[in-house]
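The shown structure was predicted, so the numbers you read here are calculated from the model rather than taken from an experiment. When a ligand or atom number is given, it counts from 1 through the structure's own listing order.
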Amino acid sequence: MCGIVGYLGHRRALPVLLNGLKRLEYRGYDSAGIAVPTEDGLYIAKRAGTVAQLEALLAGVELPATSGIGHTRWATHGEPLDRNAHPHTDASGRIAIVHNGIIENYSTLKAKLREDGYTFRSDTDTEVLAVFIGALYEQYGDLELAVRTALSEVQGTFGIVILCADQPDTLIAARRGSPIVIGIGDGEYIVASDATAIVEYTRSVFYLTDDEMAIITREGCQTKTIDDIPTSVQLLELEFDLERIEKGGFPHFMLKEIYEQPQTFLDACRGRLLPHEGNVKLGGLRSVEPQLRRARRLILTGCGTSWHAALVGEYWIEELARLPVEVEYASEFRYRNPVLFPEDIVIAISQSGETADTLAAVREAKLRGATVLGIVNVVGSSIARETHAGVYIHAGPEIGVASTKAFTSQLAVLMLLALYLGRMRHLSAAQAQDIAAEIRRLPEKIQYILDHAEHIRQIARQYAQARNFLYLGRGVNFPIALEGALKLKEIAYIHAEGYPAAEMKHGPIALIDENMPVVVIAPRDELYEKVLSNIEEIRARHGQIIAIANEGDTELPHVANHIITIPHTLPLLTPVLTVIPLQLLAYFIAVERGLNVDMPRNLAKSVTVE
Ligand code: F6R
């Protein structure tokens, strides 16, 4: 949710920390701060606002320190105010901590510490943890022991990095439920909540596991559990390079990521699609092939955009594999006492691999004996590690808060999965070959839509001041209506609802008047005529119709106010194309409204709290 960075090495820490915070700002951007050691104790600068504002505060400040910690925040406990920004310190001001996650028993701890005479300056749970560690440090005189003792008493989730003025050449990091990744460079260590802050210094990293901590000094890095049992780490090579996390000439990450989709879609399929054999190779699922053959039901789970991908997957898997699929919000699944049979397969879909609800759903499903798989983007993330097996989508880092390229890559993997399961069952090689051949053509068709984005920008201009939008789609494009509406809500702050087109007359039709833009997804498929009837119903009430139609459609131009065309493809595959104009429409409307597309209000990438 928030971004953490820590540095210990031979460079000046301050620029490294600020640079890291800029890279991590997409994870939270309501306040930022740093702490570095000086001869007179810790130097701390923090404030509500952006990293650029923190940088302005630090303009002209020269600090020789070669270690330090930093944080960019997405508020959970306490408003985004200067005093609530991280780092937080203990009572002595000699220990500073940056924290992601939530300390659930913070009020009990706070009350106890108050009884012992401690006072607090912020409204945060993190300050309570800092004061608690400080109190134990005073008692034991041993920082590591104080940290371990405190962490074994706190409930909730944390990814933390601690710096103490008495040991300026040590960083202590720990995690429970909130990622911490440690980069090992040449004589330097970079600790962060995600690898984007690390990749320009080193590609060699390892992730802490839950209840694991790292004590990083100039002599080396030691890992152990918070119960003091030594652990060993698994070094990974980061797969992406700096270019993937820079805007590369685009005004926003979101636009860059929308334009990356021909490539990322291809990457998700690379080496997996065997069009000549009419088959699919998913190496990550080899170990669970017997379970997949036996499966009687799949449960797909995720949140937000990933949940929308799951809905598309439901249509595809049921159609091609004739296997019943249920789609559940992870947040509901985890608390619902779900009925699971031993032969059920649960598939968690998550870009970040860290979403708290999805991770909890994974754990719940495992506890109940299901085989649990992951469709994840971030390599080495919690969901990737905790599932029995899975498939990476290989979309590269997604920085834009609104998910775009991860969605189409999730779709790619879900389609491959549907073919894979289908070929294990009823799907003929010839049918699979036809679909596989068309999947290979999708990247150039996505590119075609991107090449015609200017027309979508023109439409966006006309509707940028609308107060409400309705998105309609049928069949496999119904989830795309939901996704289009979500994109508009989150970055343009316009109320929007997605509906199955036929449901409109059961209520939402009452909303339609000349001020209501209605985006109708109407590719030429078996439901096309039905969608045309829905469009007539909107027309009769003077709604403004923006239709997503196939090239060469001769009927829609007569009934819609605007047409956005997409190339022809197999009806089942249309979601991969229909979603692209909706991403662009939301993007252009948000830009037209003067909004910060990459940092939409109240949102942050990766929701690691409940
Ligand atoms: C929407 C968006 C969110 C995420 C959701 C799940 O654009 O980004 O709705 O899709 O928070 O995140 P992941 O996929 O990381 O589990």
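With no hydrogens or angles considered, no side-chain donor-acceptor pair links Thr264 and Gln261 at under 3.5 Å. Ser382 and Arg175 form a side-chain donor-acceptor contact under 3.5 Å, judged by distance and modelled atom types alone. Checked by atom type, the side-chain pair Asp357/Tyr335 shows no donor-acceptor distance below 3.5 Å.
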Which side-chain N or O atoms in residues 464-480 pair as donor and acceptor under 3.5 Å with protein atoms at least two apart or in another chain?
residue, atom, partner, partner atom, Å
Asn468, OD1, His495, ND1, 2.8
Asn477, OD1, Thr578, OG1, 2.7
Asn477, ND2, Thr574, OG1, 3.0

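Interface of Lys487 with ligand 1, defined as ligand atoms under 4.0 Å from a residue heavy atom, comprises 1 (C), 7 (O). Distances below 4.0 Å separate heavy atoms of Ser306 from the following atoms of ligand 1: 10 (O), 13 (P), 14 (O). Of all atoms in ligand 1, listed by their number and element, those nearer than 4.0 Å to a heavy atom of Gln351 are 13 (P), 14 (O), 15 (O), 16 (O). Of all atoms in ligand 1, numbered sequentially from 1 with element shown, those under 4.0 Å from a heavy atom of Glu490 are 1 (C), 7 (O). Near Ser352, meaning under 4.0 Å from any of its heavy atoms, are these atoms of ligand 1: 13 (P), 15 (O), 16 (O). Near Ala402, meaning under 4.0 Å from one of its heavy atoms, ligand 1 places the atoms 7 (O). Against a heavy-atom cut-off of under 4.0 Å, Val401 is close to the following atoms of ligand 1: 8 (O).
A salt bridge links Glu200 with Arg23: at least one charged nitrogen is closer than 4.0 Å to a carboxylate oxygen. Using a cutoff of 4.0 Å between basic side-chain nitrogens and carboxylate oxygens, Glu454 and Arg457 are scored as salt-bridged.
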(request) For Arg593 and Ile494, run side chain to side chain contact (heavy atoms under 4.5 Å, CB included): C-alpha distance rounded to whole Å, both residues' side-chain angles, the deciding distance at 0.1 Å, then the answer. (result) CA-CA 10 Å; Arg593 287 164 74 92; Ile494 296 176; 3.5 Å; yes
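Among pairs with a residue in residues 380-391, those fulfilling salt bridge (Lys or Arg N to Asp or Glu O under 4.0 Å) read Arg363-Glu386, at least two apart in sequence or across chains.
Ligand 1 is never approached by Glu354 to a heavy-atom distance shorter than 4.0 Å. Ligand 1 lies nowhere less than 4.0 angstrom from a heavy atom belonging to Gly302. Residue-ligand proximity: Ile383 is placed with every non-hydrogen atom at 4.0 Å or more from ligand 1.
For the pair Thr358 and ligand 1, the shortest N or O to N or O distance does not fall below 3.5 Å. Where the criterion is an N or O separation shorter than 3.5 Å, residue side chain and backbone included, Ser403 meets it with respect to ligand 1.
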